[in-house]
Amino acid sequence: MRSNRILLAFVLVLALSCKSGEKKEENTEVAAVEIWETDFQDDFETFNPENWQDQRIWVNNEKQCYVPDGQYGTREVSNGTLKLKVVNVGEARPCDNLDKHGEQHPDTPYMAGRICSKNRKEFVKGKWTARLRLHGNGQPSMFPAWWLLGARNNESPVQEPDETVCWPLTGSGEIDIFEHHGDVKKDHFTTGAIKSEGECDKGDWWSYRKDFPATLDDYHEYSVEWEGSDLVYRLDGEEVYRNEGEGDNYPEPMFAILNFAKITDNPMTGEWIMEVDWVKHESRK
């Protein structure tokens, strides 16, 4: 009888030991998948030209003029955040922004800020995140954005010999992490990739993108990460959308863009503000 009890006790101890070992091994595997290493972060204590440069370009028939060096208060770093603005200066003024065909933007009263990490901070895959908010949203013509573009893109500023690829071909692919179209509705943002149709300037804006609700005047973390072959979009760390199989179509180094545009002719007064607390890129260990 005593020998049976000893045998039973040994079996129970062995079973518990095996179960504990399996759990530890399983947890270790999960932890390994979830570990990210930050290889770039800007907390916007200052405007760092080693991380960002102004980008002055005319796209999408936008109504604003992107200006350098924070002219008209369009780019401000203060109290630990970046503020990018659209400002109505009250009268139409000359704009030197050119489109990809060399046509100059017409005179406009709307001045704005746009920065990019092109030729400063560029990464292959990983995860990009920004913590940002809007000051007021849902106003007609509002078009703030946080997004990525392939580093071989041939649009201004062209600074390297390999910047010869037209949008949205591989090498100049586009991923939109956060866009807000004020003409559509308040407290909604759009996220998703642009599908390349295999020719210059031929991109499908609808197939891989979707709208989601969020209180845009509050800070949120908007991110995209490469998970296997998928692109996974998260709001405050929670998955909201996934482009299945699309991650493999963006193998190139990509740079980040933050901008506030005015997309239609609807009138505006004063200024619009997108405030950015921080931006970072992470890679899996």
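We number each residue from 1, following the sequence as shown.
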Check ion pair R75-D54 (N to O, under 4.0 angstrom): yes
I'd like to know whether the aromatic ring centres of W226 and Y250 sit less than 6.0 Å apart in this structure.
no
- Query: Salt bridge between E76 and K85, side-chain N to carboxylate O under 4.0 Å?
  - Reply: yes
**Prompt:** Does the distance from a Lys or Arg side-chain N to an Asp or Glu carboxylate O, for R152 and E163, drop under 4.0 Å?
**Reply:** no
*Look at the rings of F123 and W128 and say which category their plane angle falls in: under 30° parallel, 30 to 60° tilted, over 60° perpendicular.*
perpendicular
Hits for side chain to side chain donor-acceptor pair (under 3.5 Å) against H181, two or more places apart or cross-chain, chain-then-number order -> E179
Q: Would you sort out whether F143 and F260 count as a ring-ring contact (aromatic ring centres under 6.0 Å, His included), showing the intermediate values?
A: CA-CA 6 Å; F143 193 31; F260 207 145; 9.1 Å; no
Query raised in the report: When you measure from the side chain of S141 to the backbone N and O of K262, does any donor-acceptor pair fall under 3.5 Å?
Result: no
With sequence neighbours left out, the residues meeting side-chain contact (heavy atoms from CB on, under 4.5 Å) with Q41 are T38, D43, W278, K280
Checking L84, L82, T81 against E275 for side-chain contact (heavy atoms from CB on, under 4.5 Å), the one that qualifies is T81
Ion pair present between E225 and R284, side-chain N to carboxylate O less than 4.0 angstrom?
yes
Is the shortest side-chain N to carboxylate O distance from R120 to E122 below 4.0 Å? no
Across all chains, not counting sequence neighbours, the salt bridge (Lys or Arg N to Asp or Glu O under 4.0 Å) partners of E45 are none
